[in-house]
Amino acid sequence: MTAKVRLFVEHPLGAGQPVPLTRDQAHYLFSVMRMSAGGRVLLFNGSDGEWLAEITEAGKKAGTATCEAQTRPQAMPPDLWLLFAPIKKARTDFIVEKAVELGVRRIVPVQTRFTNSERIRQDRLQAHALEAAEQCGALFVPEVTELHRLDRLIDDWPGDRGLLFCDEAEAGSRAATLAGTPAPAAVLVGPEGGFSDAERARLGDMAQTRVIALGPRILRADTAAVAALTLWQAENGDWA
């Protein structure tokens, strides 16, 4: 029997393993999806692969699903981070969701000189990442970190992680492509106001930085994130 519903669980998965459902998961399965005992769901936890499970207990506020068989072994996305400056709420949500769908390991909101938003709801963005993973078939939910100041982040930047700096000032130029920049790597896209001259100079001085142009036109921040991640995956990631 196939299953249409996928759930992320914080519990070990294995043959015959009972998995307790949270109150929210029970509400979703039994009140929203109208499922009952005997129904099947797919479960994943980010480390044990994906499992087909039978609902063995169904209540209004709780339930249990028991693992039957593994449907896919665990697979991790490439070691790629997305660094982005938060923008308007709906578009920030879009960036997080698409980053999960496109396959990143970590999502890092950054505060730049011209970032419009000075705070984020980390818990809400992490929930968006989890929902995106459930819906797109991912086996891993990337961490959405707290908001970091860009200057402090790059002061402690790992020496072995390439930093692909998507600079809107390079639109239409012959700046480097994303080819030949394997993981571990990170993509950095800026705010709607672009990067300051000081930020551009600081990033340019880093040995790990490659300045990237994303085509002949200036892209919106959310479009730039999707474009850069897609290009990197096609050249260096698990799409190649």
Side-chain angles (χ1 to χ4, degrees), residues 77-88 91-92 94-118 120 125 142-240:
D79 190 1
L80 176 67
W81 298 355
L82 172 65
L83 280 59
F84 76 99
I87 46 180
K88 294 178 181 178
R91 289 168 61 193
T92 293
F94 175 88
I95 290 174
V96 170
E97 291 166 1
K98 300 313 166 189
V100 175
E101 292 178 21
L102 292 167
V104 302
R105 191 78 63 89
R106 195 169 189 233
I107 301 171
V108 185
V110 294
Q111 177 79 43
T112 68
R113 173 68 178 82
F114 300 131
T115 299
N116 292 333
S117 177
E118 296 182 356
I120 62 166
L125 293 178
E143 175 195 12
V144 181
T145 74
E146 63 183 358
L147 186 67
H148 292 270
R149 274 183 45 176
L150 179 62
D151 56 348
R152 294 177 180 173
L153 187 66
I154 60 180
D155 281 344
D156 298 320
W157 193 254
D160 64 343
R161 183 174 297 276
L163 180 58
L164 302 169
F165 171 31
C166 302
D167 186 358
E168 78 283 350
E170 297 294 333
S173 77
R174 296 183 177 274
T177 69
L178 280 75
T181 51
V187 166
L188 169 63
V189 295
E192 294 170 323
F195 292 94
S196 70
D197 290 341
E199 289 168 338
R200 194 172 280 112
R202 177 72 180 85
L203 288 162
D205 286 341
M206 294 174 60
Q208 302 97 319
T209 298
R210 293 187 67 185
V211 179
I212 303 298
L214 295 174
R217 292 166 289 277
I218 296 176
L219 305 180
R220 285 189 356 174
D222 46 347
T223 308
V226 171
L229 294 176
T230 301
L231 290 169
W232 188 92
Q233 282 283 28
E235 290 284 355
N236 306 284
D238 55 13
W239 297 12

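This structure is a prediction, so every number in the text was calculated from the model and none was measured. Basis for what follows: all heavy atoms, side chains included, without hydrogens, waters or symmetry-related copies.
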Chemist: Do you know which two heavy atoms are closest between Gly103 and Leu80, and how far apart they sit?
Modeler: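 Scanning both residues completely, I find the closest heavy atoms to be O-CD2, 4.5 Å.
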Chemist: Could you tell me which residues satisfy side-chain hydrogen bond (donor to acceptor under 3.5 Å, both in side chains) with Thr92, sequence neighbours excluded, listed by chain and number?
Modeler: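 None.
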Chemist: Please determine which of Leu150, Val144, Thr145 meets the side-chain contact (heavy atoms from CB on, under 4.5 Å) test together with Val108.
Modeler: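 Among Leu150, Val144, Thr145, the one meeting side-chain contact (heavy atoms from CB on, under 4.5 Å) with Val108 is Thr145.
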Chemist: Give the minimum heavy-atom separation between Pro184 and Asp160, together with the two atoms involved.
Modeler: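 Result for this residue pair: CG-O, 3.3 Å.
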Chemist: Checking Trp239 now: which residues fulfil ring-ring contact (aromatic ring centres under 6.0 Å, His included) with it, not counting sequence neighbours?
Modeler: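 With sequence neighbours excluded, Trp239 shows a ring-ring contact (aromatic ring centres under 6.0 Å, His included) to no residue whatsoever.
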Chemist: Starting at CG of Asn236, measure out to CG of Leu231 and round the result to the nearest 0.5 Å.
Modeler: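 Reported value, rounded in 0.5 Å steps: 10.0 Å.
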Chemist: If you measure from OG1 on Thr181 to CD on Gln208, what distance do you get to the nearest 0.5 Å?
Modeler: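 So the OG1 of Thr181 and the CD of Gln208 are separated by 13.5 Å.
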Chemist: Sort and list the pairs that fulfil salt bridge (Lys or Arg N to Asp or Glu O under 4.0 Å) and have at least one residue in residues 221-237, not counting sequence neighbours.
Modeler: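 Qualifying pairs, neighbours excluded: Arg91-Asp222, Arg220-Asp222.
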Chemist: Sorted by first residue and then second, give each ring-ring contact (aromatic ring centres under 6.0 Å, His included) pair with at least one member in residues 200-234; sequence neighbours left out.
Modeler: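 ring-ring contact (aromatic ring centres under 6.0 Å, His included) check on residues 200-234 returns no pairs.
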Chemist: Just to verify, what does Thr230 make a side-chain hydrogen bond (donor to acceptor under 3.5 Å, both in side chains) with, not counting sequence neighbours?
Modeler: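 Per chain and number, Thr230 pairs via side-chain hydrogen bond (donor to acceptor under 3.5 Å, both in side chains) with no residue.
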Chemist: Is a donor on one side and an acceptor on the other found under 3.5 Å between the side chain of Arg106 and the backbone of Glu143?
Modeler: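 No, because the side chain of Arg106 does not come within donor-acceptor range (under 3.5 Å) of the backbone of Glu143.
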Chemist: Could you tell me the separation between the OG1 atom of Thr223 and the CZ atom of Phe94, rounded to the nearest 0.5 Å?
Modeler: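 Atom-to-atom, Thr223:OG1 and Phe94:CZ are 7.0 Å apart.
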Chemist: State, to 0.1 Å, how close Gly190 and Ala85 come at their nearest heavy-atom pair, and which atoms those are.
Modeler: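 Of all heavy-atom pairs spanning Gly190 and Ala85, the closest is C-CB, 3.9 Å.
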Chemist: Mind listing the closest non-hydrogen atom pair of Ala213 and Glu170 along with its distance?
Modeler: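 That would be CB-O, 3.3 Å.
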Chemist: By the ring-ring contact (aromatic ring centres under 6.0 Å, His included) test, which pairs, at least two apart or in different chains, include something from residues 181-212?
Modeler: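 Found Phe165-Phe195.
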Chemist: When Ile107 is tested against each of Leu83, Val100, Leu125 for side-chain contact (heavy atoms from CB on, under 4.5 Å), which residue passes?
Modeler: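 That would be Val100; it is the only one of Leu83, Val100, Leu125 passing the side-chain contact (heavy atoms from CB on, under 4.5 Å) with Ile107.
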Chemist: Which residues satisfy the salt bridge (Lys or Arg N to Asp or Glu O under 4.0 Å) test with Asp79, sequence neighbours excluded?
Modeler: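 Partners of Asp79 under the salt bridge (Lys or Arg N to Asp or Glu O under 4.0 Å) test: Arg161.
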Chemist: I'd like to check the side-chain hydrogen bond (donor to acceptor under 3.5 Å, both in side chains) partners of Gln111; sequence neighbours left out, ordered by chain and number.
Modeler: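 Per chain and number, Gln111 pairs via side-chain hydrogen bond (donor to acceptor under 3.5 Å, both in side chains) with no residue.
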Chemist: Taking side-chain contact (heavy atoms from CB on, under 4.5 Å) as the test, write out the residues that go with Arg113, two or more places apart.
Modeler: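 Arg113 satisfies side-chain contact (heavy atoms from CB on, under 4.5 Å) with Ser196, Glu199 only.
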Chemist: Looking only at heavy atoms, which two atoms of Leu82 and Ala99 are closest? And how far apart?
Modeler: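 Closest approach of Leu82 to Ala99: CD2-CB, 3.8 Å.
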Chemist: Can you name the side-chain hydrogen bond (donor to acceptor under 3.5 Å, both in side chains) partners of Thr115, sequence neighbours left out?
Modeler: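 Expected list: Thr112.
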Chemist: What's the shortest heavy-atom distance between Ile154 and Arg202, and which atoms?
Modeler: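 Smallest heavy-atom distance, with atoms named: CD1-CG, 3.4 Å.
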Chemist: State which residues pass salt bridge (Lys or Arg N to Asp or Glu O under 4.0 Å) with Asp197; sequence neighbours excluded, sorted by chain then number.
Modeler: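 By the salt bridge (Lys or Arg N to Asp or Glu O under 4.0 Å) rule, Asp197 matches Arg200.
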Chemist: What pairs with Ala224 under side-chain contact (heavy atoms from CB on, under 4.5 Å), at least two apart in sequence or on another chain?
Modeler: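 Expected list: Val189, Leu214, Leu219.
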